[in-house]
Amino acid sequence: MTQQQPIAVLGGGSFGTAFANLLAENGQRVRQWMRDEEQAEAIRTRRENPNYLKGVRIHDGVEPTTDLAATLAECEMIFVAVPSSALRKVLDGRSEELAGKMLVSLTKGIEAQSFKLMSQVLEEIAPKSRIAVISGPNLAREIAEHELTATVVASEDDDLCAQVQDALHGRTFRVYASGDRFGVELGGALKNVYAIIAGMAAALGMGENTKGMLITRALAEMTRFAVQLGANPMTFLGLAGVGDLIVTCSSPKSRNYQVGFALGEGLTLEDAVARMGETAEGVNTLKVLKAKADELQVYMPLVAGLNAILFGGRTLEQVIGALMSGEPKTDVDFIPTTGF
Ligand SMILES: NC(=O)C1=CN([C@@H]2O[C@H](COP(=O)(O)OP(=O)(O)OC[C@H]3O[C@@H](n4cnc5c(N)ncnc54)[C@H](OP(=O)(O)O)[C@@H]3O)[C@@H](O)[C@H]2O)C=CC1
Ligand SMILES: O=C(CO)COP(=O)(O)O
């Protein structure tokens with residue numbers, strides 16, 4: 001009998017660790033690649049990640065490694081969980097090693113200069129691979145602690161979606177499929193910006209009405225932007241849109257929310273990011289999103305407001321005043337009535 005082929009997870013952070021465990025709990029052999037040998041050795045000997053998801057036991061089926069070439073050679077299915085700022089650096093120049101492999105991006109960000117989503121970057125780096133993305137309301141610690149969780153795998157390649165579903169489905173984790181890779185991935189990247197705003201509002205003691213308004217108007221804004229880029233607005237009503245928006249804008253476990261909360265307490269952006277100490281993709285996404293919205297002339301008052309606070313010297317009070325006194329608008333104006 002041939003031995004089952006291992007699955008790779010690239011990234012030694014919170015999400016890579018949560019996914020490596022999830023796969024191993026499903027009986028998969030897992031190679032978790034990380035850049036730091038000390039970290040890998042600590043996981044090998046103590047069965048705990050010393051830097052991320054502290055207190056979570058790492059399953060015996062997870063083998064930490066720092067040998068990227070060997071990992072890519074050995075595995076056909078590869079989950080990518082490094083921050084968007086690092087993804088291209090990690091995999092660039094490995095086109096031939098990745099040919100024919102199944103690449104699944106877990107990364108929720110947008111490349112700064114190109115405005116490319118991570119699966120588009122993967123397509124560029126590895127044009128002969130099969131590509132999918134995973135996105136949804138998926139806080140790493142909750143996955144690792146077996147809270148009931150659902151996500152979306154999206155790809156034009158139905159067979160790839162089915163293989164990913166098969167690898168990940170388990171007692172506490174359910175995977176829905178979608179053919180709208182662009183919409184699913186865009187939803188995951190955009191919501192991080194609104195989580196920063198929600199964190200700020202929470203620090204200021206926002207009421208429940210305020211939270212409802214914020215999340216719903218965020219959904220309107222991100223969908224309006226996505227439609228302008230040609231995405232299907234219906235995707236934003238699913239787990240990777242409204243689902244992820246709700247969880248990230250409501251939970252102090254979200255790192256983007258934590259950065260926002262610290263800003264609301266009066267910390268500078270640098271201090272807020274440093275205090276949190278993990279990846280908060282929303283800060284970079286805000287910059288590229290604001291520039292793109294200006295270029296496409298999409299009305300995004302929440303994005304413009306946060307940008308004015310973080311990079312334009314405006315106070316939160318000034319921005320709230322401007323948002324509340326804006327001209328009257330229609331409620332659901334962001335879903336075209338034809339064409340989808
Ligand atoms: N955490 C979560 O709940 C979720 C995260 N995601 C997404 O997953 C992606 C990864 O986030 P997450 O794991 O949480 O982030 P973390 O901050 O927890 O970890 C980041 C990891 O990436 C590694 N890394 C950073 N730069 C490089 C590099 N140049 N080369 C190799 N490795 C590098 C870090 O290594 P080192 O420790 O050595 O610095 C660390 O292992 C993000 O896009 C995030 O939005 C998506 C859904 C949920
Ligand atoms: O994407 C996430 C939940 O779905 C995690 O959000 P944070 O990166 O803000 O922690």
Side-chain angles (χ1 to χ4, degrees), residues 9-22 32-43 49-54 56 64-68 71 79-92 94 104-111 117-119 121-122 133-145 147 149-152 173 184-185 187-199 238-262 272-274 276-286:
V9 177
L10 310 186
S14 311
F15 211 41
T17 302
F19 256 69
N21 249 12
L22 190 63
Q32 186 184 3
W33 173 83
M34 56 204 70
R35 61 179 169 179
D36 180 357
E37 183 47 47
E38 252 179 59
Q39 183 190 13
E41 184 54 22
I43 296 176
N49 189 323
N51 307 326
Y52 302 93
L53 296 186
K54 293 218 179 87
V56 170
T65 173
T66 52
D67 187 339
L68 184 56
T71 304
F79 290 89
V80 185
V82 293
S84 61
S85 55
L87 186 141
R88 191 183 281 279
K89 273 180 256 171
V90 168
L91 290 175
D92 221 4
R94 297 188 179 268
V104 188
S105 171
L106 307 177
T107 302
K108 291 176 174 171
I110 303 175
E111 193 173 53
L117 296 171
M118 292 303 113
S119 73
V121 174
L122 288 175
V133 302
I134 280 188
S135 196
N138 295 160
L139 294 165
R141 181 165 285 278
E142 293 209 349
I143 292 175
E145 291 176 349
E147 296 291 347
T149 299
T151 198
V152 183
F173 198 77
V184 164
E185 197 171 15
L190 296 188
K191 60 82 196 178
N192 285 327
V193 172
Y194 301 103
I196 296 176
I197 302 175
L239 287 163
V242 71
D244 204 359
L245 193 61
I246 290 172
V247 84
T248 323
C249 288
S250 310
S251 174
K253 293 175 191 163
S254 152
R255 286 88 42 92
N256 288 287
Y257 180 103
Q258 286 172 35
V259 166
F261 198 92
V273 168
M276 198 264 311
E278 294 184 18
T279 306
E281 294 274 11
V283 176
N284 286 329
T285 303
L286 171 67

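All values derive from a computational prediction rather than experimental measurement. Both ligands and their constituent atoms are indexed starting at 1 by order of listing.
- Ranking the protein heavy atoms by distance from atom 11 (O) of ligand 1 puts Arg255 NH2, 4.1 Å first.
- If you check which protein heavy atom lies closest to atom 22 (O) of ligand 1, you get Pro83 CD, 3.1 Å.
- For the residue pair Leu286 and Val193, the shortest heavy atom distance occurs at N-CG2, 3.7 Å.
- For ligand 1 and Gly12, the ligand atoms under 4.0 Å from any heavy atom of the residue are 41 (O).
- The minimum heavy-atom distance between Pro64 and Met34, with the atom names listed, is CB-CE, 3.9 Å.
- In Trp33, the part holding a heavy atom less than 4.0 Å from any atom of ligand 1 is the side chain.
- Where the criterion is an N or O separation shorter than 3.5 Å, residue side chain and backbone included, Tyr52 meets it with respect to ligand 1.
- Nearest protein heavy-atom contact of atom 20 (C) of ligand 1 is Thr279 OG1, 3.7 Å.
- Taking a 6.0 Å sphere around CD of Glu38, one finds it holds 12 or fewer heavy atoms contributed by other residues, nucleotides or ligands.
- Taking both residues in full, the closest heavy atoms of Gly282 and Asn256 are given as N-OD1, 2.8 Å, listed atom of the first, atom of the second, then distance.
- Here the closest heavy-atom approach between residue Cys249 and residue Ala198 is recorded as O-CB, 3.3 Å.
- When all heavy atoms of Val104 and Ile134 are compared, the pair lying nearest together is CG1-CG1, 3.8 Å.
- With hydrogens and angles left out, the side-chain atoms of Glu185 and Ser135 include no donor and acceptor closer than 3.5 Å.
- Ring-plane geometry between Phe79 and Phe19 is classed as tilted, the angle between the planes lying from 30 to 60 degrees on a 0 to 90 degree scale.
- To the nearest 0.5 Å, atoms OG1 (Thr248) and CG (Leu190) are separated by 12.0 Å.
- Between Ala140 and ligand 1, a contact under 3.5 Å exists for at least one N or O pair.
- Counting only N and O atoms by type, the side chains of Glu281 and Ser84 include a donor and acceptor under 3.5 Å apart.
- Counting only heavy atoms from C-beta outward, the side chains of Val80 and Leu91 approach each other to under 4.5 Å.
- Contacts between Asn138 and ligand 1 below 4.0 angstrom, taking non-hydrogen atoms only, involve the backbone exclusively.
- The shortest N or O to N or O distance between Lys108 and ligand 1 is below 3.5 Å.
- Protein heavy atom at the shortest distance from atom 7 (C) of ligand 1 is Leu106 O, 3.6 Å.
- Each of the following atoms of ligand 1 lies closer than 4.0 Å to a heavy atom of Ala86: 26 (N), 27 (C), 28 (C), 29 (N).
- In this structure, Val259 and Ala272 approach most closely via the heavy-atom pair O-CB, 3.8 Å.
- The protein heavy atom nearest to atom 42 (C) of ligand 1 is Glu281 OE2, 3.4 Å.
- Contact annotation for Val90 and ligand 1: only side-chain heavy atoms (C-beta onward) come within less than 4.0 Å of the ligand.
- Rounded to the nearest 0.5 Å, atoms OG1 (Thr65) and CD (Gln32) are 10.0 Å apart.
- Listed by number with element, the atoms of ligand 1 under 4.0 Å from a non-hydrogen atom of Leu139 are 3 (O).
- The single protein non-hydrogen atom nearest to atom 41 (O) of ligand 1 is Gly13 N, 2.9 Å, given as residue, atom name and distance.
- Under 4.0 angstrom from ligand 1, there are no non-hydrogen atoms of Asn51.
- Within ligand 1, the atoms closer than 4.0 Å to a non-hydrogen atom of Glu278 are 17 (O), 18 (O), numbered from 1 in the order shown.
- In this structure, the side chain of Asp244 does not engage the main chain of Leu239 through any donor-acceptor pair within 3.5 Å.
- Distance alone, capped at 3.5 Å, is enough to place a donor-acceptor pair between the Thr107 side chain and the Val82 backbone.
- Remark: Glu278 pairs with Ser14, Tyr52, Arg255, Met276 by the side-chain contact (heavy atoms from CB on, under 4.5 Å) rule, at least two apart or across chains.
- Atom 10 (C) of ligand 1 has its closest protein heavy atom at Ala81 O, 3.6 Å.
- Residue-ligand proximity, Thr107 to ligand 1, at heavy-atom distances under 4.0 Å covers atoms 43 (O).
- Side-chain polar atoms of Asn49 and Gln39 form a donor-acceptor pair below 3.5 angstrom.
- One option in Ser254, Ser14, Gly188, Gly16 has a heavy atom closer to atom 18 (O) of ligand 1 than any other, and that option is Ser14.
- Every protein residue with a heavy atom nearer than 4.0 Å to ligand 2 is included here: Lys108, Gly136, Pro137, Asn138, Leu139, Lys191, Asp244, Thr248, Ser254, Arg255, Asn256.
- Scanning the protein for heavy atoms near atom 6 (N) of ligand 1, the closest one is Phe15 CD2, 3.6 Å.
- When non-hydrogen atoms are compared, ligand 1 lies under 4.0 Å from the side chain of Arg35 (C-beta onward) but not from its backbone.
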